[in-house]
Amino acid sequence: MEYIFAKTILIRTKSTSWFGYRYNMNLYKGCCHGCIYCDSRSECYGVTEFDRVRAKDNALQILRDELRRKVQTGVVGTGAMSDPYNPFEKELCLTRHSLELLDAYGFGVGIATKSDLIARDADILTEIATHSPVMCKITITTHDDTLCEKIEPHVARSSTRFEVLGQLAEKGLFTGILLMPVLPFLEDSVQNIREIVRRAKQANVRFIYPAFGMTLRQNQREWYFQKLESCFPGQNLRERYQKAYGNRYECPSPNAAELWRVFTHDCEQAGILYRMQDIIRANHLGYKPEQLSFFT
């Protein structure tokens with residue numbers, strides 16, 4: 001493992017409107033999951049050799065010092081730029097030890113991951129939940145394991161992720177699915193969306209937050225097109241994307257309106273939250289008032 005210099009770990013967010021996060025942290029840089037659609041590969045983020053994971057030197061000491069200096073506690077989000085449960089985490093335990101620090105200093109946590117390794121830390125997450133909000137988000141964009149293995153080749157299959165969500169929910173943790181991105185022409189079918197909601201209900205998931213489409217920019221676009229050609233030969237997906245979107249950054253599914261109608265109907269029938277404000281409010285319910293001021 002290569003260790004890289006880090007000046008800071010904990011970053012204050014401009015707004016807590018994204019899942020109630022007051023802070024963000026990344027202990028690693030880069031990701032080896034190999035997801036063909038990852039926006040973090042874009043040039044604007046400045047991550048060279050994106051597929052190679054590096055750990056931040058003295059990350060835990062820096063985090064401890066920053067937490068100790070913070071006057072205001074809150075929810076710390078992780079997983080936006082680099083999955084905190086990459087394969088190296090199993091041995092390094094940087095994420096696990098960071099959760100121990102958040103617990104010790106009275107902070108909450110929101111985790112986004114595609115890995116089943118999050119289940120390892122259910123004990124610490126449960127302890128944090130005794131004093132602060134905890135949110136366990138797992139990305140699932142297709143119920144089909146065969147398709148999953150093509151577009152997300154180095155992570156747990158979708159079926160495994162549903163199982164992990166069920167395990168976390170059984171322990172009383174606040175769990176949800178990031179249904180994003182829903183890839184146009186590959187995942188944007190009514191059947192896929194309905195099956196994800198159905199299996200989410202089986203796993204006692206509290207919320208699903210969707211985006212019926214994807215983003216494409218800079219070098220990420222060409223990477224994605226190359227992967228489409230190698231993973232789905234003969235389907236002319238590059239041509240379909242170029243015809244539908246050109247060089248646009250936002251690429252919504254042509255079926256977005258129908259998918260949203262079906263999705264919201266099925267979520268409401270299943271008692272699953274899907275609006276951001278409702279998700280944050282439910283996650284913060286029962287905690288101290290300052291943690292409820294999530295639009296400051």
Pairwise distance [atom1]([X]) to [atom2]([Y]) - rounded to 0.5 angstrom:
{"X": "Lys243", "Y": "Glu239", "atom1": "NZ", "atom2": "CD", "value": "11.0 Å"}
{"X": "Ile62", "Y": "Asp57", "atom1": "CD1", "atom2": "CG", "value": "7.5 Å"}
{"X": "Thr215", "Y": "Arg221", "atom1": "OG1", "atom2": "CZ", "value": "9.5 Å"}
{"X": "Arg64", "Y": "His97", "atom1": "CZ", "atom2": "NE2", "value": "13.5 Å"}
{"X": "Asn255", "Y": "Asp188", "atom1": "CG", "atom2": "CG", "value": "5.0 Å"}
{"X": "Tyr23", "Y": "Leu102", "atom1": "OH", "atom2": "CG", "value": "11.5 Å"}

pair [X]-[Y]: side-chain heavy atoms closer than 4.5 Å:
{"X": "Tyr224", "Y": "Ile36", "value": "yes"}
{"X": "Val75", "Y": "Met135", "value": "no"}
{"X": "Thr141", "Y": "Ile151", "value": "yes"}
{"X": "Leu117", "Y": "Thr95", "value": "no"}
{"X": "Cys35", "Y": "Lys114", "value": "yes"}
{"X": "Glu149", "Y": "Arg157", "value": "yes"}
{"X": "Cys267", "Y": "Phe207", "value": "no"}
{"X": "Lys201", "Y": "Val197", "value": "no"}

Donor-acceptor contact below 3.5 Å, side chain [X] vs main chain [Y]:
{"X": "Asn26", "Y": "Thr78", "result": "no"}
{"X": "Tyr28", "Y": "Met81", "result": "no"}
{"X": "Glu89", "Y": "Arg96", "result": "yes"}
{"X": "Thr142", "Y": "Glu187", "result": "no"}
{"X": "Arg161", "Y": "Thr139", "result": "yes"}
{"X": "Thr264", "Y": "Arg261", "result": "yes"}

Exercise for the section: Look at Asp39 together with Arg217 and state whether they make a salt bridge at an N to O cut-off of under 4.0 Å. Expected result: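 Counted as a salt bridge, because a side-chain N and a carboxylate O are separated by less than 4.0 Å.
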Handout entry: Glu222/Arg238 ion pair, N-O < 4.0 Å
Key =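 A salt bridge is present here (some side-chain N lies under 4.0 Å from a carboxylate O).
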Do [X] and [Y] share a hydrophobic cluster, counting only Ile, Leu, Val, Met, Phe, Trp and Tyr and linking them when any side-chain heavy atoms are less than 4.5 Å apart?
{"X": "Ile111", "Y": "Ile208", "answer": "yes"}
{"X": "Tyr105", "Y": "Ile9", "answer": "yes"}
{"X": "Leu183", "Y": "Ile193", "answer": "no"}
{"X": "Val53", "Y": "Leu94", "answer": "yes"}
{"X": "Leu186", "Y": "Leu179", "answer": "no"}

Handout entry: Derivation of the side-chain hydrogen bond (donor to acceptor under 3.5 Å, both in side chains) call for Asn192 and His143
Key = CA-CA 6 Å; Asn192 182 46; His143 74 278; 3.0 Å; yes
Identify the two heavy atoms, one from [X] and one from [Y], that lie closest to each other, and give their separation to 0.1 Å.
{"X": "Arg120", "Y": "Cys93", "value": "NH1-SG, 3.7 Å"}
{"X": "His131", "Y": "Asp103", "value": "NE2-OD1, 2.7 Å"}
{"X": "Phe174", "Y": "Val134", "value": "CB-O, 3.2 Å"}
{"X": "Ala112", "Y": "Leu178", "value": "CB-CD1, 4.0 Å"}

Handout entry: Lys56, Lys29, Arg52 screened by salt bridge (charged side-chain N to carboxylate O under 4.0 Å, His left out) with Glu2, the one that passes
Key =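 For Glu2, the salt bridge (charged side-chain N to carboxylate O under 4.0 Å, His left out) test succeeds with only one of Lys56, Lys29, Arg52, which is Arg52.
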Handout entry: Test applied, side-chain hydrogen bond (donor to acceptor under 3.5 Å, both in side chains); reference residue, Tyr85; option that passes from Thr113, Asp116, Asp121
Key =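 Among the candidates, only Asp121 passes.
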Practice task
Verify whether the ring centers belonging to Phe263 and Phe212 lie closer than 6.0 Å.
Solution key: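 When the ring centroids of Phe263 and Phe212 are compared, they turn out to be within the sub-6.0 Å range.
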Handout entry: Within 6.0 Å of CD in Glu91, more than 12 heavy atoms from elsewhere
Key =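 At most 12 heavy atoms, drawn from other residues, nucleotides or ligands, come within 6.0 Å of this atom.
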Problem - Heavy atoms from other residues, nucleotides or ligands near NZ of Lys70 exceed 12 (cutoff 6.0 Å) - result: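 More than 12 heavy atoms, drawn from other residues, nucleotides or ligands, come within 6.0 Å of this atom.
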Handout entry: Over-ring placement of Lys137 relative to Tyr209, 6.0 Å and 45° cut-offs
Key =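 Because its charged atom misses either the 6.0 Å distance or the 45° angle limit, Lys137 does not stack over Tyr209.
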Practice task
Could you verify whether a donor N or O on one side chain and an acceptor N or O on the other, from Asp145 and Ser159, lie under 3.5 Å apart?
Solution key: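 There is such a pair between these side chains.
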